[in-house]
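Order of listing sets the numbers, starting from 1, for every ligand and every atom in it.
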Amino acid sequence: MSTNTPIDKIAEGEKLCKEMKEISARLPYELGKRCKQIRDKDLKPADQTYGEFISANTGFSKAHIYRFISYFELVDNLWIKSHRPETLPDEFVVRPLSKLKAIEDRRVVWEEVNSNGHPPTAETVKAAVEKRIVSVAQPKTKKGEPNRNVFNWTNENIDWAKWSWNPVTGCKHNCKYCYAHDIGMRFDKHFNPAEHLYRLTQPKTTVIPPNLIDMPGIHNVFVCSMADLFGDWVPEEWVEKVLNTIRDNPQWNYILLTKNPKRLVKYEWPDHAWVGTTVDIQERVDPAEKAFKDIKAKVKFISAEPLSSKLVFKKLSLFDWVIIGGRSKSSKMPAAQPEWEWVESLLMQAREAGCKVYFKPNLSIVPKEYPDDKGGDNG
Ligand code: SF4
């Protein structure tokens, strides 16, 4: 603490720091502008590339030179009157936009990520870019408009599947932590079970953008993310229509999850369907193990999300995959993390049983232990 320093001296120091920050923010832009001028106006000897010429005269590597130009062009594409030079976006924040070929798409995404009142981050821009790539790749209607009868692109709540498909919505389990309920209330004004027959065509109409074909989870479709398709209240004919559509469209990998595992037993599961049950509390362990010993499916899984107590399995080896997650925020409950001990115990059981383990992005807890009981506080 500089308790003896006059306030005006500190203020001057702060002003200089602010200037440095602004210069540093502008630097890649200014460098890119000049590199681009040299490239576009061919301001270099004929026997050198512009990269070689700039590198020889400045010491910048060619990789840096291409990066500066790319950044300048991206920012220039987005140039909107409200951008003051000193508030140029960070290079890492705008970089994901380069995945979009059309300038118009870059602008749409940039507007979108700036419209929610929070400064965009590299993650929010990346997610919005992916969403845009997916949206423009979908087939157009006869009127040339984007076909909206396609799968939904998921967000990080469901990051093990890139798509969700909701031919049935609504649920009667009434879990307090249910954010699907909140979404249903916002868009449909209810969360009662409902069938949406027109969505049965979505496995046929949805297109994977060629540039995302290698993305992990790009073929995975979470079936009925806004429902429990196997709730006791769901008419058998609704389930059959969904399962028949799955059988007819093996180009996707369907992920089905229920809190009512006993209803899964009677179906035959094709290899492109992964079936799972939510086990968030110990009381769900026995019904899960009882049902899954009679289920024949290529991939059987547990979703321990939100992990809400310590879980002890007798036969976790019945399952191939264990997803562990925290609690996301809903209108009735705040976001929360499980205790590390619960996570660790489940992880160890899964390792022992030979299951693959998937930590959801909403699981952020890490162990914070000390070698003594007092956290090093000897005072
Ligand atoms: S089972 Fe799933 S969809 Fe149904 S209320 Fe619970 S969290 Fe919501």
Student: Look at the rings of Y29 and Y71 and say which category their plane angle falls in: under 30° parallel, 30 to 60° tilted, over 60° perpendicular.
Tutor: perpendicular
Student: Do you know how many protein N, O or S atoms are within a distance smaller than 2.8 Å of atom 4 (Fe) of ligand 1?
Tutor: 1
Student: Of T245, N149, N249, T206, which meets side-chain hydrogen bond (donor to acceptor under 3.5 Å, both in side chains) against T201?
Tutor: N149
Student: In this structure, is the centre-to-centre distance between the rings of H196 and W165 below 6.0 Å?
Tutor: no
Student: Are the aromatic ring centres of F301 and Y358 under 6.0 angstrom apart?
Tutor: no
Student: Under the criterion side-chain hydrogen bond (donor to acceptor under 3.5 Å, both in side chains), I'd like the reasoning laid out for N260 against D232: C-alpha separation, chi angles, the key distance, then a yes or no.
Tutor: CA-CA 8 Å; N260 190 26; D232 281 331; 2.9 Å; yes
Student: Output every pair passing ring pair (Phe, Tyr, Trp, His ring centres under 6.0 Å) with a member in residues 89-109, not counting sequence neighbours, ordered by first then second residue.
Tutor: none
